[in-house]
Amino acid sequence: MAPMPLPRLHATSDRLVLAASAFWTLSANAAVLQAGLDERGPLHPGGWAFTADLLLLLFALHVLLLGLVATRRTVRPLLTLLLPAAAAASYFGRRYGVVLDPTMLRNVLRTDVAEARELLSLDLALHLLLFAALPMVLLWRVQVLRRPWPSALRQRALLVAGAAIAAVALAWAGFQPLSSLLRNQREVRWRITPANLLWSSGAVLLTDAKAARQPRQPIGLDVRRGPSWSGRDRPLVVLLVVGETARAASWGLNGHGRQTTPELARLDVVNFPDVTACGTNTETSLPCLFAPVGRRRYDEARIRREESLLHVVARAGAQVQWRDNQSGCKGVCDSLPTQTVAAALAPGLCPEGRCLDEGLVHDLGARLSHAAGTHLWVLHMLGSHGPAYFARHPENVAPYQPECRHDDLRRCSVQEVVNAYDNSLRYTDHVLASAVATLRAHAGRVDSVLVYVSDHGESLGEHNLFLHGLPYAIAPEVQKRVPMVWWTSPGLERAAGLRDGCLRPALQAAAARPLSHDQLFHSLLGLLDLRTALHEPALDLTAPCRVPAG
């Protein structure tokens, strides 16, 4: 006997808007409601009243937003897109403390398949089944009723106006605790789901559409070579290694309880213990790192529409190459020579399709042997990218046990997560030390410098937060403080037009004060002895050693 078909439901688009708003208010905003309850406390006389006010306010806001964009024709497709997105956003917000502002959404959209695959888990699948798949089945059993457009328009206007009035009234009724909540927990507005998706998507699409309409504007058109260029009789290689998710708090050279950088500690490197990143995710930090304005005059629109430091250096005649073992250069290397680490390039270093960072440097000796002229080589590491920290290092580089072997960090103890993360730093230490050893072995023929700096830090369970990407204004210091290390060959000062014996003491003096990503743009210009109006000597760590012109 054939099973009876499910009955077909009927509803207007307005009723679907109301139903969806109620569903998301109750299923996707637990973090917001908990924040409201925490603001007054469950024993506070007005605590539960404020939480109820907040609940109704969330409902009214979603009715208002959906009422403005969902028509009879678009309501089901729109809700079909929002259901899995909202379910995923609420899951990662609850699981890792992720806040979905425009910057984080852009970071999510630019994530590659390998990164996304590491975030999949059985818990996520069950969550999506319950809060996305089942509602979607029900949604597509609904036949949206057709109404005469004057009547439909009038009823929609009443719905939107009613929602707006209700939102204002509810905000006014709970103004004091609501303003205190938004002041004390500024990230709360980005946890309102799926309003955060609608707002952030609009912001990202608008920004990207504007950027797509115009090519990147050239910068540093006035760049010229310094006097040292004409006096060089050997190749000069500046090797910039951009780390991933290495945090200063866990860096052995910074005094971490564990020596996570034993190989670097045995080398004559200069370590900078107090460096602040430009952002808390790669999508923000990487472009900012190579922009003249940095964090001190941060302007995302300007950074995304202008060329980067690499274009200025290439314009001066240096040979620039970006080698990537992660998710791309985020526009920094557009139109410049790039290379992605793959099994063909790094045989034996790409288990399960994801290459270890040794693939970035395995042929460094051969590259140095054939180097001629002036070079800027950028290596973009996979580093300590989470949540699969255990996959960032070979099996034989794992001294801290037991380590978390799951992509879902909540299945491990915090100590196991820390062990896996510290093991990934030990491997980064090994890769950097290997690169220094290779540069040192070729120092008789090639003058060189290695600069390592991470793009951003990481949360490892502090304040119940994991991973990274919180809005900069509210992000904890562990997500903003990063390690930085320099190593220079004996001939580097002469090749860069710097006074003999000056650079190391100057770097050590700089390491005693707070620094930031802002120094990198200008210090690399100094290392390459390039002159341009973009250069700010006050931010150039090599400036105290510059030989005066003439």
Side-chain angles (χ1 to χ4, degrees), residues 224-242 263-264 266-270 309-310 312-325 333 336-339 341 345-347 349 357-381 429-453 485-507 520 523-531 541-542 545-547:
R224 65 188 189 281
R225 301 174 178 181
S228 67
W229 283 66
S230 59
R232 289 179 197 152
D233 54 5
R234 305 197 313 177
L236 170 63
V237 173
V238 175
L239 185 64
L240 173 62
V241 185
V242 180
E263 294 186 55
L264 287 174
R266 293 192 290 269
L267 300 175
D268 52 343
V269 300
V270 177
L309 168 72
L310 304 188
V312 178
V313 172
R315 185 169 290 118
Q319 299 179 56
V320 175
Q321 186 189 61
W322 181 282
R323 180 177 282 190
D324 202 272
N325 193 32
C333 62
L336 295 172
T338 60
Q339 190 177 52
V341 177
L345 177 68
L349 294 173
D357 279 330
E358 282 178 278
L360 292 165
V361 299
H362 81 288
D363 62 343
L364 181 58
R367 297 178 74 187
L368 292 169
S369 296
H370 295 93
T374 301
H375 300 259
L376 173 58
W377 296 339
V378 185
L379 309 181
H380 188 198
M381 301 183 85
D429 168 68
H430 172 70
V431 173
L432 294 175
S434 297
V436 169
T438 304
L439 293 172
R440 177 181 284 169
H442 288 77
R445 196 189 82 83
V446 180
D447 298 317
S448 61
V449 54
L450 180 146
V451 177
Y452 167 81
V453 65
V485 169
W486 284 41
W487 176 87
T488 59
S489 72
L492 185 278
E493 288 170 318
R494 181 185 61 83
L498 305 176
R499 294 198 306 273
D500 288 342
C502 173
L503 185 56
R504 185 175 180 83
L507 293 177
L520 188 74
S523 298
L524 287 174
L525 288 175
L527 284 170
L528 291 161
D529 194 14
L530 295 177
R531 315 296 171 87
L541 300 184
T542 74
C545 300
R546 177 66 50 204
V547 175

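Side-chain atoms are counted along with the backbone in the values below, which use heavy atoms only and exclude waters and symmetry mates. Quantities reported herein were computed from a predicted structural model and do not represent experimental measurements.
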> Any side-chain heavy-atom pair from Trp229 and Leu530 closer than 4.5 angstrom?
Replying inline: yes
> Is there a donor-acceptor contact under 3.5 Å from the side chain of Gln321 to the main chain of His375?
Replying inline: no
> About how many Å separate CG of Leu527 and CG of Leu541, when rounded to the nearest 0.5 Å?
Replying inline: 8.5 Å
> Can you find a heavy atom in the side chain of Val361 that is under 4.5 Å from one in the side chain of Thr438?
Replying inline: no
> Looking at CG of Leu450 and CG of Leu239, how far apart are the two atoms once the value is rounded to the nearest 0.5 Å?
Replying inline: 5.0 Å
>> I need the minimum non-hydrogen distance between Arg499 and Arg546, along with the two atoms involved.
In response: NH1-O, 3.8 Å
>> Looking at every heavy atom in both Cys333 and Thr338, which two are closest together, and how far apart are they?
In response: SG-CG2, 3.3 Å
>> To the closest 0.5 Å, what do you measure between CH2 (Trp487) and CG (Leu267)?
In response: 9.0 Å
> Between Asp324 and His380, is there a donor-acceptor pair closer than 3.5 Å when you use the side chain of the first and the backbone of the second?
Replying inline: no
> Between Arg232 and Asp529, does at least one N-O distance fall below 4.0 Å, as a salt bridge requires?
Replying inline: no
> With side chains defined as the heavy atoms from C-beta onward, is the minimum distance between Arg440 and Asp268 less than 4.5 Å?
Replying inline: yes
>> With a 3.5 Å distance limit and no angle check, can you tell me whether Arg225 reaches the backbone of Ala316 through a side-chain donor-acceptor pair?
In response: yes
>> Ignoring hydrogens, what is the shortest heavy-atom contact between His370 and Ala366? Give both atom names and the distance.
In response: ND1-O, 2.8 Å
>> Any non-hydrogen side-chain atom of Arg323 less than 4.5 Å from a side-chain atom of Asp363?
In response: yes
>> Using the side chain to side chain contact (heavy atoms under 4.5 Å, CB included) definition, which of the options Val313, Leu310, Leu376 pairs with Leu336?
In response: Leu310
> Less than 4.5 Å apart, any side-chain heavy atom of Leu360 and any of Met381?
Replying inline: yes
> Do Pro227 and Arg531 come within less than 4.5 Å of each other through their side chains, counting heavy atoms only?
Replying inline: yes
>> Could you report the tightest heavy-atom contact between Ala443 and Pro490, atom names first, then the distance?
In response: CB-CD, 4.2 Å
> Out of curiosity, Arg367 CZ to Trp377 CH2, how far, rounded to the nearest 0.5 Å?
Replying inline: 4.5 Å
> Testing Leu349, Leu432, Asn325 for side chain to side chain contact (heavy atoms under 4.5 Å, CB included) with Asp357, which one passes?
Replying inline: Asn325
> Can you name the nearest heavy-atom pair linking Ala371 to Val237, along with the distance?
Replying inline: CB-CG2, 4.3 Å
> Just how far is it from atom CG of Leu520 to atom CG of Leu525, taken to the nearest 0.5 Å?
Replying inline: 9.5 Å
> Quick check: does any side chain N or O of Arg445 sit under 3.5 Å from a backbone N or O of Leu368, one acting as donor and the other as acceptor?
Replying inline: yes
> Say you draw a straight line from OG of Ser523 to CG of Leu240; how long is it, rounded to the nearest 0.5 Å?
Replying inline: 11.0 Å
> What closest approach, in Å, do Val269 and Leu264 show between heavy atoms, and which atom pair accounts for it?
Replying inline: CG2-O, 3.7 Å
